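Data first, discussion second: the structure below is written as structure tokens.
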Amino acid sequence: MFLDFMSEVETLLLGAIDQCRFELPENGSNRLQLEISPHADVASSVAFRLAPVLRRSPKAIAEELHRSMTPGPGGLVDQIELAGPYLNFFVNRKFLNSVVVQAQGQECWTGRLTDRAIVEHTSANPNGPLHVGHIRNSVIGDTIARVLKRAGSDVETQYYVNDMGRQIAIVVWGKDRYGLDSSKPDHAIARVYIEANRALNADPELKREIDILIERYEGKDQEVAAKVKSAVDYAISGIEETLRRLNISHDAYHWESEYAVSGEMADILQRLENTGLTQWEDGAFQLDLSGYGFEKKMVLKRADGTSLYITRDLAYHRWKAQHCDRVVDILGADHKLISSQLRTALGLLGVREPEVVIFEFVSLPDGSMSTRKGKFISADELLDEVEKQAFEEVTTRRPEEGEEFRRDVARQVALGAVRYDIIKVSPEKATTFDWKNALDFEKLSAPFIQYSHARACSILRKAGMQGSFDPELLQDENEVALIKKIAEFDLVVDRSARELKPHQLANYARELAESFNQFYRFSPVLEVEPALRASRLALVNAGRNALRVTLETLGIPALESM
RNA sequence: GGACCCGUGGCUUAGCCAGGAUAUAGCACCGGGCUUCUAACCCGGGGGUCGCGGGUUCGAAUCCCGCCGGGUCCGCCA
């Protein structure tokens with residue numbers, strides 16, 4: 001839809017530049033200086049760019065370009081307006097009509113990407129429940145996966161399970177020592193983990209027991225392996241349950257130990273040694289990346305011979321690169337340095353580097369969270385509270401409905417509110433968790449968008465069967481604005497997928513709902529003369545489809561009634 | 001100390017990578033709108049030295065340099 005219009009504008013503009021024999025300077029990806037603008041559907045300020053080269057005024061250049069452009073009769077571009085040095089392009093009626101028609105069906109909502117992507121996200125250590133920081137990772141990762149899928153890619157999501165680290169050894173040790181209580185598995189694991197850390201702090205001698213566990217596990221000790229598997233599986237089962245509440249699931253789990261056991265890790269070590277950049281220092285095997293701007297050496301193997309996270313991660317990343325076209329990692333800000341070291345090392349090995357999406361930390365009003373110290377707000381607690389609040393809201397608004405309906409709506413509203421709250425903020429922004437904000441269901445939130453969708457469904461329900469319609473009748477300002485906003489969907493998804501910036505889609509969702517609500521307010525549908533009624537009904541259907549697909553791509557349920 | 005990220009009305013935030021025409025929204029505040037398709041909505045209003053100082057440019061929230069404030073990292077942890 002909008003992408004087609006954009007391409008046509010590009011062709012026209014390039015043709016005019018060519019015809020005028022202008023030389024377009026190379027500068028970045030937006031050479032034609034195209035932008036969506038309040039003055040036009042698409043505006044170009046390319047004349048400014050050409051001015052210094054041609055030694056003429058931007059205005060004169062724009063005029064000449066304007067004279068050289070005539071939109072073709074079969075195209076989507078209407079008038080081209082000359083506004084001083086600016087060239088303003090507008091969509092024509094044919095475009096608007098075709099959007100309404102296309103948006104009746106399902107085919108127009110998928111992009112043209114054909115590559116295969118692996119998105120790794122969450123990958124939290126199985127030492128406790130997900131907290132409000134972890135789920136920033138989960139929601140960003142899951143939304144990116146959905147956006148890529150929507151854009152046409154074949155996507156697999158993966159959870160990389162840390163079963164070999166020190167923290168997991170502490171969990172196993174604590175589980176043996178204290179035993180698990182009957183609370184939700186991940187929470188029960190957290191209890192023994194926190195307790196074990198307390199004991200280890202109090203008596204540093206106990207640390208030796210942890211080291212022994214790590215050595216035995218890496219030495220393929222069957223008894224330890226069984227204990228690790230059982231503890232990790234248990235924690236993951238709880239984590240999965242939480243993710244399910246967030247409408248998130250993983251297609252595959254990869255355990256770190258796979259790469260240690262299979263010998264892939266050993267192969268990576270050998271290949272790194274072949275680069276000549278490794279050395280033994282203080283008994284440990286290290287990689288010197290000082291030539292790449294890293295002052296500290298990267299330790300690949302401990303003095304006691306056991307492996308480290310980074311080494312296993314190299315093997316995992318090689319596996320991923322071999323099995324897809326696009327490797328995407330979602331990582332917290334604490335992984336910035338290590339992930340650029342990882343990428344550098346992968347570069348040395350000739351392995352394609354991952355695209356890393358870094359998100360900044362979520363902190364509490366009184367400081368950062370810590371699973372080890374038991375200082376965190378769990379995702380379960382957040383969801384419980386938001387659900388409770390949502391239930392009250394639904395009960396106030398729909399007192400006549402039964403409890404089952406109200407519970408169901410509350411659950412879906414809560415899930416949407418939590419996801420939207422996270423995804424609407426761009427990842428590089430550090431945030432502070434705030435209950436008041438989390439429990440607010442007004443305009444900058446998922447319920448606002450879900451509500452628009454429910455309204456559309458309600459109209460369609462009342463209207464009954466839909467017949468043929470003439471999109472030409474949709475002439476009101478609010479109607480045209482809504483059609484254009486619906487058309488923008490493909491552009492937003494395409495950009496969002498290319499740049500891995502899911503918050504752009506969140507923004508779009510709000511704008512789309514806004515456009516729909518204005519249309520809803522100003523254009524009565526059911527009580528107008530039949531021809532107009534049919535046209536507006538078609539627009540409601542188009543809007544409903546756009547809202548539903550947008551919500552689904554954000555992983556938020558599109559409620560039909562709320 | 002070094003590296004990276006952030007700094008936009010009282011609070012939260014889009015735009016920054018690819019510099020352009022009146023800087024985006026929300027919350028809060030003030031005023032208006034439910035006998036009409038669900039008011040979790042809509043309309044209007046006030047409120048901004050885009051952290052500070054230089055520079056590049058016809059033009060800077062956007063690019064460059066310096067500074068200030070906040071976050072993250074700099075482990076034979078992950």
Side-chain angles (χ1 to χ4, degrees), chain A residues 27-31 33-35 37-40 43-45 47-49 51-52 57-58 83-86 88 123-125 127 162 164-168 256 281-286 293-297 299-304 306 308-310 313 332-338 340 358-361 363 368 390 393-394 396-398 413 424-432 434 436-437 440-452 454-463 499 503-504 506-507 510-511 513-514 517-518 520-527 536-537 540 561-562:
Chain A
N27 59 328
S29 50
N30 192 9
R31 295 163 64 226
Q33 304 288 301
L34 293 175
E35 60 170 359
S37 138
H39 310 281
S44 171
S45 57
F48 284 105
R49 216 35 48 127
S57 79
Y86 298 96
N88 291 337
S123 302
N125 285 336
N127 59 0
N162 165 22
M164 294 195 82
R166 174 164 296 274
Q167 303 178 36
I168 297 321
E256 282 192 22
E281 202 176 295
D282 304 325
F285 189 54
Q286 316 204 4
F294 298 100
E295 46 177 301
K296 295 280 169 69
K297 295 198 178 72
V299 177
L300 299 168
K301 211 191 238 185
R302 295 189 182 99
D304 66 9
T306 56
L308 285 128
Y309 160 83
I310 183 70
D313 212 18
D334 52 340
H335 283 69
K336 271 183 213 171
L337 180 62
I338 194 79
S340 52
I358 299 279
F359 66 95
E360 292 291 329
F361 268 43
S363 56
S368 52
E393 293 273 340
V394 188
T396 309
R397 292 161 206 282
R398 304 293 293 274
V413 162
K424 73 183 179 190
V425 180
S426 92
E428 64 269 16
K429 227 90 161 182
T431 62
T432 303
D434 173 24
K436 183 176 161 289
N437 207 306
D440 178 15
F441 299 144
E442 291 193 57
K443 198 171 184 178
L444 206 57
S445 71
F448 173 80
I449 304 153
Q450 290 171 310
Y451 185 63
S452 302
R455 279 175 147 183
C457 291
S458 175
I459 294 177
L460 293 167
R461 234 182 350 257
K462 291 203 161 111
E499 301 173 10
H503 76 280
Q504 292 175 346
N507 240 305
R510 194 206 79 236
E511 290 171 5
E514 237 163 36
N517 287 342
Q518 277 160 27
Y520 181 94
R521 162 72 180 75
F522 292 106
S523 297
V525 178
L526 299 177
E527 305 295 328
R536 287 187 175 165
L537 216 42
V540 172
S561 176
M562 63 186 279

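Because the structure is a prediction, the values reported are computed rather than measured. We name chains A, B, ... by the order of the sequence lines, and we start the count at 1 in each one.
Residue A:K336 has no polar side-chain atom (N or O) positioned under 4.0 Å from OP1 or OP2 of B:C5. A:R302 has a side-chain polar atom (N or O) that falls below the 4.0 Å cut-off from OP1 or OP2 of B:A78. Contact annotation: A:N517 side-chain N/O to B:C42 OP1/OP2 distance is under 4.0 Å. Between A:S426 and B:A14, a side-chain N or O to OP1/OP2 separation shorter than 4.0 Å is present. Between A:R521 and B:C37, a side-chain N or O to OP1/OP2 separation shorter than 4.0 Å is absent. In this structure, A:K429 reaches the B:G7 phosphate: one of its side-chain N or O atoms is under 4.0 Å from OP1 or OP2. Between A:Q518 and B:C41 there is no side-chain N or O to OP1 or OP2 distance below 4.0 Å. Here A:H335 does not reach the OP1 or OP2 of B:C4: none of its side-chain N or O atoms lies under 4.0 Å away. Using a 4.0 Å cut-off, some side-chain N or O of A:Y520 falls inside it from OP1 or OP2 of B:A39.
Each of A:L308, A:D282, A:I310 was checked for a side-chain contact (heavy atoms from CB on, under 4.5 Å) with A:V299, and the lone residue meeting it is A:L308. If you run side chain to side chain donor-acceptor pair (under 3.5 Å) between A:S426 and each of A:K429, A:E428, A:K424, only A:E428 comes through.
A salt bridge is absent between A:R536 and A:E527; no separation between the charged side-chain nitrogens and carboxylate oxygens falls under 4.0 Å.
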